[in-house]
Amino acid sequence: MSMSRRNFLKTTLGVGIGAGMLGLGASLLPTMAAHAALSTREMYVFGTLVNLGAEGDAAQAQQALNEIEQRFLLMNRDWHAWKAGELSTLNAALAEGRSMAVSNELAVMLRGARDAAQASGDLFNPALGKLITLWDFQSDVQQRSAPPAAEEIAALCASAPRMSDVHIDTLDDGRQVVSSRNPNVRIDLGGYAKGVALDWALDHLAAEGLHNAVVNLGGNLAIAGQRDGRPWHIGVRHPQGEGVIAAIDAQGREAVVTSGTYERFREWDGQRYPHIIDPRSGQPATHVVSATVIHADAAWADAAATALVVAGAQGWREVAARMGVSQVMVIDAEGGVGMTAAIAPRVTFVGARPARVEVV
Ligand code: FAD
Ligand code: MG
């Protein structure tokens, strides 16, 4: 079957602050040959363009999409790293050394993020929100241009905020209470919450009997079932340029999550400073420019993709193994592609084949 006859999805990354590109998100392109109608929804939430699609009875699907939209808006408020909401209230408490009772949803999220951080050797480290603020990535519009002072970065790195500093206790009365022994912990779920939202959305659709569906949160994508009786056809955005570098077919319940450094970055003095920070140095990770993970659990895939960008071209295999993600493709700053043996048969390069492709 030719590619044009399939349903084509582009996984692109969220907001390009540095490039001044807003809403250059993912798109769900229409399929001329499709017979099963797809109910769709597009919205702007989590700072990125969101696309939802579900096959099935249109009224039922639209109702489920409404519910997801409402829930996403609540998640956006509750889990926002710099706007008023539950997470911001918690961060304020932790900074003052106070504990705080949180919702069950946030407690589950923090436990999941803590497990992923531990598995990644703290390369995925959502406790480093102060560093993200210092680099001015916790903002819609950047306020500062020059990189932060080396002393400021060094001071935060020395205090080593990490998720193992965070305690999440279940009290006898069932309340979930969060505390931190490190006042420099500031939780930023930008590398994780969208994955949690993906899992929730597909669970919700399945509970409503909608088993063929897609959810794309700005390059964090998850699918269920099939599209029109065939696999979903997914494109991985080219990190250098506008098009797609590779196509991947997926069916069943799978997340295809890409983390990249090419859309959200700042520029100063001719140099790019992307938004994924290496917790060891406090500096932006620059060597791996794109990491794609296919995994059943979208939240885990989201955390892993971020960790693999940090791990770099030398370290990604070890981190993937530690995190138990077998299907990985990374692209380095020179355009070289590294893949695991498990993902390689699923990847079809689109356009010119990359200069170097290594399967390990
Ligand atoms: P990922 O690699 O999955 O995540 C990278 C992000 O995680 C970074 O941007 C940073 O926030 C954080 N991070 C950096 N280094 C690490 C590390 N080593 N370990 C763990 N985490 C790290 N953006 C806006 O511009 N405006 C908004 O209003 C806005 N609202 C948001 C609301 C919510 C609830 C969430 C979760 C995010 C929001 N964002 C917003 C941020 C934005 O959508 C994403 O965080 C950003 O696009 C990066 O996500 P990603 O999937 O591309 O990359
Ligand atoms: Mg991530």
Side-chain angles (χ1 to χ4, degrees), residues 11-18 21-26 44-50 71-83 85-88 106 109 113-114 116-117 120-142 157 161-163 186-198 216-221 237 255 257-266 273-285 288-293 295 298-312 319 323 325:
T11 83
T12 56
L13 286 168
V15 185
I17 295 181
M21 301 181 294
L22 269 174
L24 223 194
Y44 193 80
V45 69
F46 306 125
T48 193
L49 192 66
V50 170
R71 185 76 183 98
F72 277 6
L73 291 171
L74 293 178
M75 290 173 173
N76 185 71
R77 183 197 64 196
D78 292 343
W79 302 341
H80 210 287
W82 65 89
K83 291 181 186 160
E86 189 180 17
L87 183 64
S88 290
L106 186 56
M109 163 100 100
R114 192 179 57 185
S120 76
D122 286 316
L123 297 188
F124 167 71
N125 182 354
L128 49 61
K130 286 201 173 183
L131 265 170
I132 312 286
T133 307
L134 194 61
W135 278 98
D136 197 22
F137 285 114
Q138 285 185 341
S139 58
D140 300 299
V141 180
Q142 283 187 276
C157 284
R162 49 177 70 122
M163 288 306 285
R186 179 184 158 106
I187 296 163
D188 178 316
L189 298 168
Y192 188 70
K194 287 189 246 85
V196 172
L198 286 177
N216 189 1
L217 312 186
N220 301 267
L221 183 147
R237 170 95 184 261
V257 171
T258 300
S259 264
T261 61
Y262 49 89
E263 267 200 2
R264 199 176 171 91
F265 54 81
R266 55 194 290 175
Y273 299 92
H275 65 121
I276 298 175
I277 307 295
D278 187 332
R280 297 164 295 192
S281 63
Q283 298 289 328
V288 162
V289 294
S290 167
T292 298
V293 173
H295 197 66
W300 197 261
D302 193 358
T306 307
L308 295 173
V309 170
V310 176
V319 173
M323 296 191 77
V325 289

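Atoms within each ligand, like the ligands themselves, are counted from 1 in listed order. When a residue number appears, it is its place in the shown sequence, counting from 1.
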Original post:
To the nearest 0.5 Å, how far apart are CG in Leu308 and OG1 in Thr292?
Top reply: 10.0 Å

Original post:
Is the shortest N/O to N/O distance between Thr48 and ligand 1 below 3.5 Å?
Top reply: no

Subject >> Close-contact set for ligand 1 against Pro126 heavy atoms, below 4.0 Å >> reply: 20 (C)

Original post:
Taking all non-hydrogen atoms of both residues, which atom of Gly191 and which atom of Phe124 are closest, and how far apart?
Top reply: O-CE1, 3.7 Å

Original post:
Can any side-chain N or O of Asp78 pair as donor or acceptor with the backbone N or O of Gly85 at less than 3.5 Å?
Top reply: no

Original post:
With only distance considered, is Thr258 within less than 3.5 Å of ligand 1 through an N or O on each side?
Top reply: no

**OP:** Only heavy atoms count here, so choose which of Ala304, Ala305, Gly85, Ser259 is nearest to atom 1 (P) of ligand 1.
**Re:** Ser259

Original post:
Does some non-hydrogen atom of Phe137 fall short of 4.0 Å from ligand 1?
Top reply: no

Subject >> Check: Gly219 main-chain N/O paired with Asn216 side-chain donor or acceptor under 3.5 Å >> reply: yes

Original post:
When rounded to the nearest 0.5 angstrom, what distance separates OG1 in Thr306 from CG in Asn220?
Top reply: 8.0 Å

Original post:
If you measure from each heavy atom of Lys83 to ligand 1, is any distance below 4.0 Å?
Top reply: yes

**OP:** Using the Mg ion (ligand 2) as the apex, give the angle to atoms OG1 (Thr306) and O (Gly191), rounded to 10 degrees.
**Re:** 100°

Original post:
Where's the contact between Tyr44 and ligand 1, heavy-atom distance under 4.0 Å: side chain, backbone, both or neither?
Top reply: neither

**OP:** First locate atom NZ of Lys130, then atom CD of Gln138, and finally report the distance between them rounded to the nearest 0.5 Å.
**Re:** 11.0 Å

Original post:
From Leu128 CG over to Cys157 SG, what is the distance, rounded to the nearest 0.5 angstrom?
Top reply: 8.5 Å

**OP:** Mark up the atoms of ligand 1 that fall under 4.0 Å of a heavy atom belonging to Val310, in ascending order.
**Re:** 18 (N)

Original post:
Could an N or O of ligand 1 be found under 3.5 Å from any N or O of Phe46, whether backbone or side chain?
Top reply: yes

Original post:
Should Asp188 be counted as touching ligand 1, given the test is an N or O pair under 3.5 Å?
Top reply: yes

**OP:** Would you confirm whether Trp82, through its side chain, and Thr133, through its main-chain N or O, come within 3.5 Å as a donor-acceptor pair?
**Re:** no

**OP:** Report yes if Arg264 has an N/O atom closer than 3.5 Å to an N/O atom of ligand 1; otherwise report no.
**Re:** yes

**OP:** Using heavy-atom distances, let me know which of Ile276, Leu123, Ile132, Leu217 sits nearest atom 13 (N) of ligand 1.
**Re:** Ile132

Original post:
Taking both backbone and side-chain atoms of Tyr192, is any N or O found less than 3.5 Å from an N or O belonging to ligand 1?
Top reply: no

**OP:** Below 4.0 angstrom from a heavy atom of Asn220, which ligand 1 atoms are there? Numbered from 1 as shown, please.
**Re:** 51 (O)

**OP:** Of all N, O or S atoms in Asp302, identify the one at the shortest distance from the Mg ion (ligand 2).
**Re:** OD1

Original post:
Any N/O of Gly191 closer than 3.5 Å to an N/O of ligand 1?
Top reply: yes

Original post:
Say you draw a straight line from CD of Gln283 to CH2 of Trp135; how long is it, rounded to the nearest 0.5 Å?
Top reply: 4.5 Å

Original post:
Atoms of ligand 1 less than 4.0 Å from Phe124 heavy atoms?
Top reply: 19 (N), 20 (C)

Original post:
For atom 18 (N) of ligand 1, which candidate among Ile277, Asp78, Val50, Asn125 provides the closest heavy atom?
Top reply: Ile277

**OP:** Look at the aromatic rings of His275 and Phe137 and report parallel, tilted or perpendicular, splitting at 30° and 60°.
**Re:** perpendicular

**OP:** Any chance you could measure Asp188, atom CG, to Leu131, atom CG, to the nearest 0.5 Å?
**Re:** 10.5 Å

Original post:
Under 3.5 Å, side chain of Ser88 to main-chain N/O of Lys83, donor-acceptor pair present?
Top reply: yes

Original post:
At a 4.0 Å threshold, what atoms of ligand 1 neighbour a non-hydrogen atom of Ala193?
Top reply: 36 (C)

Original post:
Is a donor on one side and an acceptor on the other found under 3.5 Å between the side chain of Arg186 and the backbone of Ala81?
Top reply: yes

Subject >> Sub-4.0 Å atoms of ligand 1 with respect to non-hydrogen atoms of Asp302 >> reply: 3 (O)

